[in-house]
Amino acid sequence: MLKRTKIIDVLNADQPMAEVLVKGWVKTKRDAKDFSFIELNDGSCLKNIQIIANNTLKNYNDVKKLTTGSSIAVTGALIESAGGKQKFEIKAGNIEIYGIAPEDYPLQKKGMSDEFLRTIAHLRPRTNKYGAAFRVRSRLSYAIHNFFQSRGFVYVHTPLITASDCEGAGEMFQVTTLDLKNPPKLPNGEIDYGKDFFGKEARLTVSGQLNGEMYACALGNIYTFGPTFRAENSNTQRHAAEFWMIEPEMAFADIYDDMDLAEDMVRYLVKDIMENCADDIELFAKFIDPTLKDTLQNIIDNGFARITYTEAIEIMQKSGKKFEYTPEYGIDLQTEHERFLAEEHFKRPVIVRDYPKEIKAFYMRLNDDGKTVAAMDVLVPRIGELIGGSQREERYELLQKRIVESGMDIANYDWYLDSRKYGTVPHAGFGLGFERMMMLVTGIANIRDTIPFPRTPKSIGF
RNA sequence: UCCGACUUAGCUCAGCGGUAGAGCAAUCGGCUGUUAACCGAUUGGUCGUUGGUUCGAAUCCGACAGUCGGAGCCA
């Protein structure tokens, strides 16, 4: 019994073969008088294999009815193509039809808008662009694991359901098994969460960081890589309600170790994708972002700029550029500021560190100046914030004070404080938005097109 | 959530007060070792929903919904 060969392997063959079996979906068919050209794709690569279906096939009448999107198995000889645009083609000896795609098949043999394709998210991976995007997504995941595993980082699975109702990173989705139409009530009229599944209010996590820190303070260097949920009503090209995040955490590390790791990681990932997804990147460079390859090569070749928040403000003030929000010490960096720094001033990724403590999270380490914290953001052209990280506050009293100042319930953080109570160590980490990294390496402009079935406000189809 | 634009055939759009059009797709036929093939014909729409103005609304006004872009929040 002949086994299926993937089209990528057929196309990469050194020489013709007497008999191969390929299976896939028809991309397009062109009929001649006595035979048909069929372009077949099985998702193993961007390219199609051309099938020559002669009218001597016993089911040629059925083969002639094949439409774009139909699925078939083809057995035949791999021969050198008589046509100009491909090395090999398959002269079919037998074609088995699995399923015809009826005339209402929505994918067409022409450019379709991303907005339209989002409405058929279940079929869009069959297009060239999305097939390429999701092959890259897989490779990028693999490369992330490679990067950390090769450096001895331990992969930790942090929980998705949490009782910490304020991790300081935005609105959260509630998780409950209570009957929302008729919830149990306390005498004072409030909902009795004691009767809920976990016996208290539960939510989907917005970050695995706090849990990750606990494992870093035991195993040394760790990373997480998993889904994250934000219930923010964000309607932008770079926010999703459900997205994937990578969060490394290093014990015995400071903010400079943190920046080094972030930069090494981004450059490693870009290089890996350039080397291993060359055809797919070529497609993105051709149809999506003509500057993509220069952008990526620039990241590989040049180190990231590094400045402090204070220097960033000064650079913008001296630039003479008119900003909608005037740069002055104390404000949070706006999108226009981030893009100015990365796109216009440095023309490459830039890491900004040491932000005023007022605009950053409670767990970030207070610097000796008493005004700033050891936070760092990696800003990249076009996307803005790719990575946000910090050295963590390891001093028990200071951390406790910051939790109280932030208005959070300290009772929920006793376990977190324990890591500072028992053998505390300096440590640091960051969060990388996986889909934002996808946007960087593919040039895809909208985060909704980098994740298979995107979840955004008012949108949870499929 | 705020600001703005948009919503007409399967897709991309035109029409902007007098009763709906193009290109592509699809279907049928022809032709050709073709390359998002080509040529011809055909099919296809209660113009987002809902109220109003008007003799008459796809077209003007309001509300609502959705989509997109920008902002905020952040990854």
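Quick note on labels: first sequence line is chain A, next is B, and so on, each numbered from 1.
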Under 4.0 Å, counting only non-hydrogen atoms across every strand here, what does A/Met112 touch: a base, just sugar-phosphate, or nothing? nothing
Using atom P in both nucleotides, what's the gap between B/A14 and B/U7 to the nearest angstrom? 7 Å
Within a strict 4.5 Å, meaning less than it, do heavy atoms of the A/Tyr60 and A/Ser36 side chains meet? yes
Whole Å only: how far is the NZ atom of A/Lys47 from the C1' atom of B/U35? 14 Å
By the 4.0 Å heavy-atom rule, please label A/Ser81 as base, sugar-phosphate, or nothing. base
What nucleic acid atoms does A/Gln50 come within less than 4.0 Å of, heavy atoms only: base, sugar-phosphate, or nothing? base
B/C74 P sits how many Å from A/Ile387 CD1, rounded? 17 Å
When you match A/Leu333 and A/Ser113 each to their closest nucleotide on RNA chain B, which lands nearer the 5' end? A/Ser113
Measuring only the P atom in each nucleotide, how far is B/G56 from B/G52? A whole number of Å is fine. 12 Å
May I ask you to verify whether the side chain of A/Arg436 and the base of B/C74 hold a donor-acceptor pair under 3.5 Å? yes
For A/Lys458, report the nucleic acid contact type (base, sugar-phosphate, nothing); a contact means any heavy atom under 4.0 Å. sugar-phosphate
For B/G72, does OP1 or OP2 lie under 4.0 Å from any side-chain N or O of A/Ser234? no
Heavy atoms of A/Ala101 and A/Thr68 approach each other most closely as CB-O, 3.5 Å
Just one of A/Tyr215, A/Phe148, A/Phe147 clears the ring pair (Phe, Tyr, Trp, His ring centres under 6.0 Å) bar with A/Tyr223, so which one? A/Phe148
Sugar-phosphate only, base, or nothing, as touched by A/Asn446 at under 4.0 Å among non-hydrogen atoms: sugar-phosphate
Can you tell me which stems RNA chain B forms when a stem means 3 or more consecutive Watson-Crick or G-U pairs under 3.5 Å? B:1-7 with B:65-71, B:10-13 with B:21-24, B:26-30 with B:38-42, B:48-52 with B:60-64
For the pair A/Gln237 (side chain) and A/Asn446 (backbone), establish whether a donor and an acceptor sit closer than 3.5 Å, ignoring hydrogens and angles. no
Report yes or no: does A/Ser207 contribute a side-chain atom to a donor-acceptor pair with the main-chain N or O of A/Gln209 at less than 3.5 Å? yes
OP1 or OP2 of B/C73 less than 4.0 angstrom from a side-chain nitrogen or oxygen of A/Thr236, does that happen here? no
Pick the P atom in B/U59 and in B/G15, then give their distance to the nearest Å. 14 Å
How many whole angstroms separate atom NZ of A/Lys29 from atom C1' of B/U35? 15 Å
In whole Å, what separates the P atom of B/G18 from that of B/A26? 35 Å
Face-on cation placement of A/Lys371 at A/Tyr329 ring, 6.0 Å and 45° thresholds: yes
Comparing A/Arg118 and A/Lys360 on RNA chain B - which has the more 5′ nearest nucleotide: A/Arg118
Taking only the side-chain nitrogens and oxygens of A/Gln334, find out if one of them lies under 4.0 Å from OP1 or OP2 of B/A71. no
What is the distance, rounded to the nearest whole Å, between atom CZ of A/Arg30 and atom C1' of B/G30? 18 Å
Please state how far atom CD in A/Glu242 lies from atom P in B/C74, giving the value in whole angstrom units. 21 Å
Evaluate the criterion side-chain hydrogen bond (donor to acceptor under 3.5 Å, both in side chains) for residue pair A/Asn41 and A/Lys47; output intermediate values, then yes/no. CA-CA 7 Å; A/Asn41 187 283; A/Lys47 294 194 182 80; over 6 Å; no
Interatomic distance at C1', B/G40 relative to B/C55, whole Å: 45 Å
May I ask you to say what A/Tyr325 touches in the nucleic acid, namely base, sugar-phosphate or nothing, with a heavy-atom cut-off under 4.0 Å? sugar-phosphate
Can A/Phe37 be classed as stacking with the base of B/G33, given a centroid separation cut-off of 5.5 Å and a plane angle cut-off of 30°? no
I need the A/Glu336 CD to A/Lys321 NZ distance, nearest 0.5 Å. 8.0 Å
How many Å lie between CZ on A/Arg230 and P on B/A75, as a whole number? 5 Å
Under 4.0 Å between a side-chain N/O of A/Gln108 and OP1 or OP2 of B/U12, yes or no? no
What nucleic acid atoms does A/Asp104 come within less than 4.0 Å of, heavy atoms only: base, sugar-phosphate, or nothing? nothing
Would you mind reading off the distance between A/Phe116 atom CZ and B/C11 atom P, rounded to a whole angstrom? 5 Å
Short side-chain N/O contact to B/A36 OP1/OP2 from A/Thr28, under 4.0 Å: no
Between the side chains of A/Arg139 and A/Ser141, is a donor N or O closer than 3.5 angstrom to an acceptor N or O? no
Whole angstroms only, please: what is the NE2-P distance between A/His337 and B/C74? 15 Å
C1' spacing across the pair B/C16 / B/A57, given as an integer number of angstrom: 11 Å
Hey, does the side-chain of A/Glu39 have a donor or acceptor N/O within less than 3.5 Å of a partner on the base of B/U34? no
Testing the basics here: between A/Glu328 and A/Gln317, what is the closest heavy-atom pair and its distance to 0.1 Å? CA-NE2, 3.7 Å
Looking at every strand, decide which applies to A/Ile447 at a 4.0 Å heavy-atom threshold: base, sugar-phosphate, or nothing. base
Classify the nucleic acid contact of A/Glu89 as base, sugar-phosphate or nothing, counting any heavy atom under 4.0 Å across all strands shown. base
